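Here the structure comes first, spelled out in structure tokens, and everything after it is commentary.
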Amino acid sequence: EPLFRSPLLSQRPEIEKLLHNLAEQMAKSSSYTLPLNMIWIHLMLNERYEEAENVFNSNPKFKESLLFNPLLEKIKADKKVDLGLKLIKFINETNMSPRTIGIVYSGVIDTLIENENLDQAENLLISGIENSKAKEKPMNESDFNQNTLLRLYHNIKNKCNRLPKFEIPE
């Protein structure tokens with residue numbers, strides 16, 4: 001079982017603290033951030049967002065190598081929109097490519113569609129694009145999963161009886 005999913009960390013806080021300190025030392029001395037990523041994922045999965053933010057801001061190299069797939073899996077499997085919105089907050093502070101950031105947004109938008117929160121899904125899409133305009137490489141609709149956009153577009157059209165406020169890229 002991966003470290004971030006291990007019940008050992010939750011059951012034995014002294015082990016978590018020891019591993020956290022070791023992970024921070026490794027990241028500082030060698031720029032090897034995988035262990036720190038595992039700690040960050042563990043904190044995020046356990047909704048310890050303030051501690052996760054401290055880890056996130058603890059090392060500049062960390063933001064360059066952020067891992068998030070286990071979080072996306074949890075967001076989709078358990079329909080955890082709050083976790084998804086927190087992940088978006090963090091990922092927006094990185095210099096990851098617009099396509100990578102679009103993958104995260106798409107995962108959260110998919111979850112919102114599943115929960116039938118279509119207006120919130122559409123607003124998240126639009127605000128993601130708008131908020132990225134200040135970045136060196138802003139996002140556009142083509143950076144999102146096309147199936148997600150199609151599902152959102154057709155759901156809004158059919159269930160909300162209106163045209164969506166975004167275009168589907170060709």
Side-chain angles (χ1 to χ4, degrees), residues 2 4-5 33-34 36-170:
F4 55 83
R5 288 197 182 114
T33 60
L34 181 62
L36 201 55
N37 259 296
M38 297 297 109
I39 296 293
W40 182 75
I41 290 169
H42 167 74
L43 295 170
M44 291 288 287
L45 289 172
N46 288 283
E47 300 177 6
R48 293 164 54 191
Y49 301 127
E50 193 171 310
E51 292 170 81
E53 185 164 3
N54 290 337
V55 169
F56 183 80
N57 291 318
S58 69
N59 187 312
K61 293 276 184 202
F62 180 76
K63 293 179 183 181
E64 295 172 19
S65 61
L66 191 66
L67 301 176
F68 55 82
N69 280 345
L71 297 174
L72 272 182
E73 290 170 12
K74 182 76 168 172
I75 292 162
K76 290 178 181 182
D78 296 349
K79 298 181 180 175
K80 296 191 88 42
V81 173
D82 288 346
L83 176 60
L85 296 175
K86 293 287 185 188
L87 177 57
I88 283 173
K89 177 191 171 295
F90 285 114
I91 201 121
N92 279 335
E93 293 180 33
T94 69
N95 288 323
M96 291 187 167
S97 73
R99 181 74 186 130
T100 300
I101 295 171
I103 289 168
V104 174
Y105 271 85
S106 296
V108 179
I109 290 168
D110 278 333
T111 303
L112 288 166
I113 294 168
E114 287 292 317
N115 292 345
E116 297 193 7
N117 293 328
L118 302 177
D119 288 333
Q120 188 180 0
E122 182 180 44
N123 289 336
L124 184 60
L125 170 70
I126 292 166
S127 68
I129 293 169
E130 286 299 313
N131 293 338
S132 77
K133 286 185 178 175
K135 287 189 163 201
E136 187 178 316
K137 298 177 191 169
M139 283 193 306
N140 61 52
E141 283 91 346
S142 65
D143 293 314
F144 293 80
N145 180 296
Q146 295 305 298
N147 289 332
T148 299
L149 293 182
L150 285 169
R151 282 182 59 219
L152 181 58
Y153 189 92
H154 291 296
N155 271 285
I156 289 172
K157 206 169 159 188
N158 296 329
K159 293 182 180 176
C160 300
N161 296 317
R162 66 173 176 81
L163 286 176
K165 300 173 192 168
F166 64 93
E167 297 291 322
I168 302 285
E170 295 188 21

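Just so you know, these numbers come straight off a predicted model, no measurement behind them.
Environment of NZ in Lys61: sparse, with no more than 12 heavy atoms of neighbouring residues, nucleotides or ligands closer than 6.0 Å. A 6.0 Å sphere centred on CG of Asn95 holds no more than 12 heavy atoms belonging to other residues, nucleotides or ligands.
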Next on the checklist: side chain to side chain contact (heavy atoms under 4.5 Å, CB included) for Leu67 and Leu34? Distances and angles first, verdict last.
Outcome noted: CA-CA 8 Å; Leu67 301 176; Leu34 181 62; 3.3 Å; yes

Next on the checklist: Test side chain to side chain contact (heavy atoms under 4.5 Å, CB included) on Gln120 and Val81; report intermediate values, then the result.
Outcome noted: CA-CA 11 Å; Gln120 188 180 0; Val81 173; 4.2 Å; yes

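Exactly one residue among Asp78, Leu72, Leu71 makes a side-chain contact (heavy atoms from CB on, under 4.5 Å) with Lys74. That residue is Asp78. Across Asp143, Asp110, Asn92, a single residue satisfies side-chain hydrogen bond (donor to acceptor under 3.5 Å, both in side chains) together with Tyr105, and that is Asn92.
The existence of a salt bridge linking Lys89 and Glu53 is confirmed by a sub-4.0 Å separation between a basic side-chain nitrogen and an acidic carboxylate oxygen.
Contact check for Ser132 versus Ile101: no side-chain heavy atoms found under the 4.5 Å cut-off. Between Asn145 and Ile103, the closest side-chain pair of non-hydrogen atoms is not below 4.5 Å. Under the 4.5 Å side-chain criterion, counting only non-hydrogen atoms from C-beta, Leu87 is in contact with Ile75. Within the 4.5 Å cutoff, no side-chain heavy atoms of Met44 are placed close to those of Ile41. At a threshold of 4.5 Å between non-hydrogen side-chain atoms, the residues Glu141 and Ile129 count as touching. The shortest side-chain heavy-atom distance between Glu93 and Asn57 falls under the 4.5 Å cut-off. Considering only heavy atoms from C-beta on, Leu124 comes within 4.5 Å of Ile88 through its side chain. Between Phe166 and Asn140 the shortest side-chain heavy-atom distance does not fall below 4.5 Å.
A distance-only check finds no donor-acceptor pair linking the side chain of Thr33 to the backbone of Leu36 [under 3.5 Å]. A distance-only check finds no donor-acceptor pair linking the side chain of Asn155 to the backbone of Leu152 [under 3.5 Å]. Counting only distance, with no hydrogens or angles, the side chain of Glu122 and the backbone of Lys165 share a donor-acceptor pair below 3.5 Å.
Contact detail for Ile168 and Gln146: the closest heavy-atom pair is CG2-OE1, 4.4 Å. Contact record, Leu149 with Pro169: CD1-CD, 3.9 Å, taken as the closest heavy-atom pair. Of all heavy-atom pairs between Leu118 and Cys160, the closest is CD1-SG, 3.9 Å. The heavy-atom pair separating Gly84 from Val108 by the smallest distance is CA-CG2, 3.5 Å.
Here Asn59 contributes atom CG and Glu64 contributes atom CD; the two are 9.0 Å apart, rounded to the nearest 0.5 Å. Between Asp119 atom CG and Ile156 atom CD1 the span is 7.0 Å, to the nearest 0.5 Å. Interatomic distance, CG of Asn158 versus OH of Tyr153, reported as 10.5 Å (0.5 Å rounding). In this structure, Ile109 CD1 and Glu114 CD are separated by 13.5 Å, a value rounded to the nearest 0.5 Å. Here the CZ atom belonging to Phe62 is positioned 10.5 Å from the OG1 atom belonging to Thr94, to the nearest 0.5 angstrom. To the nearest 0.5 angstrom, Met96 atom CE is 7.5 Å from Ser65 atom OG.
Between Trp40 and Phe90, the ring planes lie perpendicular to each other; the angle is over 60°, past the 30° to 60° tilted range.
With sequence neighbours excluded, no residue forms a ring-ring contact (aromatic ring centres under 6.0 Å, His included) with Phe68. Taking the side-chain contact (heavy atoms from CB on, under 4.5 Å) definition, one finds that Glu116 meets it with Lys159, sequence neighbours left out.
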